[in-house]
Structures are given as structure tokens and as C-alpha cells.
Amino acid sequence: MDLTMLRSQFPALAQSNNGYPLCYLDTAATSQKPQQVIDAMNHYYHFDNANVHRAAHLLSARATTQYEAVRDKLCQFIQARRREEIIFTHGTTEAINIVANGLTSQLKLGDLILIDAAAHHANIVPWQELAKRTGAIIKPIPLTTDCRLDSAAFDTLLLEKPAIVALGHVSNVLGTVNPVSNLVAKAKQVGAITLVDGAQAIAHMSVDVQDIDCDFYVFSGHKMYGPTGIGVLYGRFALLDSLSPLMTGGEMIKTVSFSGTEFNQLPNRLEAGTPPIAEVIGLGAAIDFIDAQPKAQVSAAEQTLLIYLQDSLKALGDVVLYGAHSDNLGAVAFNLAAEHHQDVGILLDQQGIAVRCGHHCAMPLMQSLQLNGCCRASIGIYTNKADIDNFITAMQSVKELLL
Ligand SMILES: Cc1ncc(COP(=O)(O)O)c(C=O)c1O
């Protein structure tokens with residue numbers, strides 16, 4: 001794998017920050033975009049710009065063909081059974097809201113919703129709102145002291161026969177990978193509906209929704225080298241079809257009269273209004289980009305780099321790592337002794353290093369770690385050893401300054 005060549009496809013990486021080469025270690029927040037994604041979106045706006053579906057003219061036909069071709073690509077990319085199981089959303093957040101809202105009439109007072117204690121707020125708050133509407137009860141699935149999902153506690157909670165189990169595939173803070181196939185299989189045995197938040201998994205591993213066997217799998221385009229404003233909701237056809245739509249209006253109907261409306265079939269039924277067409281096309285280009293890379297080599301290289309990052313931080317001394325394991329993916333969470341994470345982040349930025357600081361939209365996880373926040377360094381396909389070395393050099397000088 002020629003990493004120099006690969007990096008050259010990401011124009012944003014070839015700049016400096018405060019006189020230092022930009023060292024982008026914030027891919028978990030959003031990934032940089034390869035030129036082919038930028039080009040695909042530009043091309044659409046230059047030549048094919050038209051609304052999709054319905055119209056009889058050339059540009060609309062071209063836009064519709066490209067738009068629907070991405071649905072086919074996604075179907076293959078995550079091994080869905082049929083293209084109608086792929087719903088375009090604006091992101092992971094909207095996808096989970098569609099599911100949580102759509103299940104309202106299927107839940108009743110006292111039903112139990114289990115949520116991964118390390119979940120992102122996007123996989124917590126929509127379920128809390130569902131619970132408010134229905135009288136359902138929410139319980140977190142606790143973590144072990146080494147920040148993995150507590151499988152024994154999960155088994156015990158399953159005895160209460162939850163209606164819904166919402167899991168993260170990979171923690172956006174810690175990078176911990178949940179054994180989702182195993183957890184989903186157990187949840188299914190007690191009849192629960194399962195949703196897996198794949199926002200942090202999709203860029204780092206092959207995802208096969210049939211193998212995971214979950215009912216819903218959701219992710220965002222912008223974390224997998226695609227544009228912002230586009231995400232995917234995969235749902236098992238029958239369940240997806242049973243969701244009442246969150247958004248209603250144009251595109252999602254079959255007939256409308258003032259005596260009533262008949263909704264369209266999937267996938268249109270859950271895609272009201274003009275969709276983010278350029279973003280869908282950009283996502284298609286991101287899939288082409290990922291598919292063109294040697295998968296096994298990429299994941300081996302990312303794994304080696306992540307372990308190097310963890311080990312280098314440990315070797316610095318005075319750095320506290322949270323939930324660091326050798327099988328984590330993509331991210332390392334840390335603090336420099338008792339220093340405020342924001343101070344560390346600002347001082348790193350002065351040396352060209354981009355990391356993220358704060359609660360990372362995972363306040364319950366922060367509470368269980370007894371933290372106000374932490375720093376997170378995260379990697380992508382373009383991250384190289386020099387990025388890690390520059391980061392560690394900068395951390396050394398931050399340490400000298402603050403401690
Ligand atoms: C695990 C996880 N879930 C959900 C989200 C929300 O994604 P989006 O803001 O693209 O909707 C994120 C974003 O950071 C995430 O990391």
C-alpha cells in the first residue's frame with residue numbers, strides 16, 4: 001500500500017497549521033475527503049443538477065440513475081438482502097430518530113429499552129424521547145472496569161425481556177469494539193428489536209448486516225470519507241416497513257387527496273422531500289474509494305498504527321489512557337495527568353495537531369469514568385507514522401509546559 005500516494009488524494013491534508021504540517025487526528029469526528037468524492041459532487045452540480053424521480057427530462061434522469069445506483073452500491077457494501085432496505089438519511093442521528101420515532105406505536109407502558117452505556121448521545125436521546133412518549137423504561141448495559149460491555153450484566157438484563165436493544169458497534173470515545181453478532185443473537189433470543197450504531201465502525205471494518213443479523217444498522221457518510229449531510233439507515237425489510245414515517249410530505253406518498261394520503265412503498269416511504277442528491281453521489285464515490293483499497297492491508301496498517309499510538313502515549317508518562325485495548329479501532333482517549341483536556345487540545349493545535357477534546361457526545365460514559373472530558377486522537381486510512389511521531393513530540397512539549 002503506497003501511503004504517500006493515498007495521502008495525496010486528500011487535498012486537505014497538504015496544508016500547514018501554525019507553521020507545522022497539519023497532523024489530522026480527528027477522523028472519528030469527521031474524516032477528510034478524497035479528491036474523487038469532491039469531484040463527484042462537483043460533477044453533479046456542473047452537469048447533472050436536477051431533482052430526482054418524477055421528471056421526464058435528461059438531467060433528472062441522469063441524477064436519478066446516479067442516486068439510485070448508490071443505493072445498489074450500499075446494498076452490496078453492507079450485504080443487505082434488498083435495495084429497499086437502504087434508506088438515505090442526513091446522518092446517523094436522523095437514522096436513529098427515524099427508528100425510535102417509527103416504533104412509537106409498537107411500544108407500551110413498562111417496555112424495556114437497553115442501551116450500551118458507552119453510547120453516543122445520538123443512540124441515547126431518541127430512545128429517551130421514545131420512552132417519554134410510550135412509558136417505556138430505559139436501562140444502560142453497564143461496562144466492565146476495563147470499559148468493555150459487561151456481558152454477564154447484559155445476560156442478566158436480558159432476563160427482563162427488553163423490547164429494544166441499542167448497541168454501538170465501536171465506541172466513538174474509546175474505540176472499543178462490541179461483539180455485536182454475539183450480543184444481537186442473545187437479544188434476538190428474547191425477542192428484542194436490535195439497532196447497531198455503526199458510525200465509528202463503517203470506515204474501519206467490513207460490515208455485513210446479515211452476519212450481524214441486527215434489525216437496524218446506521219451510519220454517516222462523513223465518517224467514511226464521504227460528505228456531510230448523508231447517512232444510511234439499513235433495516236430488515238418487514239420491520240422497516242412497519243415504522244411510521246418521521247417525516248411526511250412529497251416523495252413519500254403514493255396518492256394524496258384531502259380525504260387522506262396513501263404512503264409510498266419502501267424506500268421512498270421513509271425519504272420525504274428532496275433528498276441530499278449531491279451528498280448521495282459523493283457517498284457513492286466514497287464507497288468506490290474504500291472498495292478500491294486493499295482491505296486486509298488497510299486494517300492491518302490501521303491496527304499497527306493504533307497500537308503504536310497507544311504505546312507511544314504510555315511511554316510518555318503522566319498520560320492516562322481510557323479503555324485502551326489492542327483490539328480497539330480508530331481512537332485513543334486520554335488525559336495528561338490532571339490537566340484540563342481543553343488546555344491540552346489548544347496547546348496541541350498550536351503545534352499543528354488536531355485532536356478532539358470534551359465529552360465526545362458521551363456524557364454517561366464520562367460520568368462512569370468520573371471525568372468531565374478527555375482528549376481523543378483518532379486515525380484514518382491516511383494517517384501515517386509521522387503523524388503519530390509529530391503528535392507525541394507535541395505532547396512532550398505540552399507536558400513540559402504544563403507539568
Ligand atoms: C458512535 C456515533 N454515533 C452517532 C454519531 C452521530 O453521527 P452524526 O452526527 O453524523 O449524525 C456519531 C458522531 O460522532 C458517533 O461517533
Side-chain angles (χ1 to χ4, degrees), residues 48-72 74-75 80-109 111 113 122 125-136 163-164 166 193-195 209 215-221 229-281 283:
D48 306 324
N49 179 49
N51 212 329
V52 288
H53 306 139
R54 292 178 315 238
H57 63 82
L58 175 73
L59 296 194
S60 179
R62 286 213 299 248
T64 305
T65 304
Q66 290 175 67
Y67 177 84
E68 290 299 336
V70 179
R71 202 186 304 278
D72 293 323
L74 276 159
C75 183
R81 285 171 200 82
R82 48 197 283 194
R83 67 190 310 281
E84 295 83 0
E85 293 181 325
I86 304 291
I87 306 297
F88 291 123
T89 70
H90 292 96
T92 305
T93 304
E94 186 187 325
I96 300 176
N97 273 277
I98 290 174
V99 176
N101 178 77
L103 289 172
T104 304
S105 62
Q106 301 184 36
L107 245 65
K108 55 182 192 319
L109 186 73
D111 275 350
I113 303 172
V125 186
W127 303 117
Q128 288 176 328
E129 292 301 301
L130 173 62
K132 271 191 218 163
R133 289 191 297 276
T134 57
I164 296 171
I193 293 171
T194 53
L195 178 141
V209 292
D215 295 309
F216 299 104
Y217 193 94
V218 295
F219 53 97
S220 298
I230 178 67
V232 174
L233 162 60
Y234 154 81
R236 196 188 294 277
F237 187 87
L239 253 179
L240 198 59
D241 207 27
S242 74
L243 298 181
S244 50
L246 173 64
M247 301 275 286
T248 54
E251 294 274 345
M252 54 78 66
I253 53 84
K254 199 177 266 172
T255 60
V256 179
S257 75
F258 281 107
S259 57
T261 291
E262 192 189 348
F263 294 158
N264 211 335
Q265 293 168 339
L266 289 177
N268 309 63
R269 202 169 69 78
L270 295 175
E271 290 179 5
T274 298
I277 305 163
E279 287 76 6
V280 167
I281 290 168
L283 177 59

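It should be emphasised that the depicted structure is a prediction, and the values quoted were computed from it without experimental measurement. Quick note: numbers below take in every heavy atom, side chains included, and nothing from hydrogens, waters or symmetry partners.
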Are the side chains of [X] and [Y] in touch, meaning some heavy atoms are under 4.5 Å apart?
{"X": "Val209", "Y": "Glu85", "answer": "no"}
{"X": "Arg269", "Y": "Lys254", "answer": "no"}
{"X": "Ile98", "Y": "Glu94", "answer": "yes"}
{"X": "Asn49", "Y": "Leu59", "answer": "no"}
{"X": "Glu251", "Y": "Thr274", "answer": "no"}
{"X": "Arg62", "Y": "Thr65", "answer": "no"}
{"X": "Phe88", "Y": "Glu279", "answer": "no"}

Looking at every heavy atom in both [X] and [Y], which two are closest together, and how far apart are they?
{"X": "Ala166", "Y": "Trp127", "result": "CB-NE1, 3.4 Å"}
{"X": "Leu74", "Y": "Leu283", "result": "CD1-CD2, 3.9 Å"}
{"X": "Arg71", "Y": "Ile86", "result": "NH1-O, 2.7 Å"}
{"X": "Ala122", "Y": "Thr93", "result": "CB-OG1, 3.7 Å"}
{"X": "Ile230", "Y": "Pro276", "result": "CD1-CG, 4.1 Å"}
{"X": "Ala95", "Y": "Val218", "result": "CB-CG1, 3.5 Å"}

Closer than 3.5 angstrom, by distance alone: can the side chain of [X] be matched with the main-chain N or O of [Y] as a donor-acceptor pair?
{"X": "Glu84", "Y": "Leu266", "answer": "no"}
{"X": "Thr194", "Y": "Asp215", "answer": "yes"}
{"X": "Ser220", "Y": "Gly231", "answer": "no"}
{"X": "Thr134", "Y": "Thr104", "answer": "no"}
{"X": "Thr64", "Y": "Val52", "answer": "no"}

Enter the distance from Leu233:CG to Tyr217:OH here, rounded to the nearest 0.5 Å.
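Separation between the atoms: 12.5 Å.
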State plainly whether the residues Glu129 and Lys132 are in salt-bridge range, i.e. N to O under 4.0 Å.
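Looking at Glu129 and Lys132, the cut-off is met.
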Under 3.5 Å, side-chain donor or acceptor atoms of residues 239-248 against the rest of the protein: list the pairs with distances, not counting sequence neighbours.
residue : atom : partner : partner atom : Å
Ser242  : OG   : Gln106  : NE2          : 2.9
Ser242  : OG   : Leu239  : O            : 2.6

Give the intermediate values and the outcome of side-chain contact (heavy atoms from CB on, under 4.5 Å) for residues Val99 and Ile164.
CA-CA 11 Å; Val99 176; Ile164 296 171; over 6 Å; no
Lys/Arg cation over aromatic Phe237: Arg81, 6.0 Å, 45° cone:
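Ring-cation test returns no.
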As a test of understanding, state which of Leu195, Ile193, Ile113 forms a side-chain contact (heavy atoms from CB on, under 4.5 Å) with Leu103.
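Exactly one option meets the side-chain contact (heavy atoms from CB on, under 4.5 Å) with Leu103, and it is Ile193.
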Give the intermediate values and the outcome of side-chain contact (heavy atoms from CB on, under 4.5 Å) for residues Asn101 and Arg133.
CA-CA 9 Å; Asn101 178 77; Arg133 289 191 297 276; 4.2 Å; yes
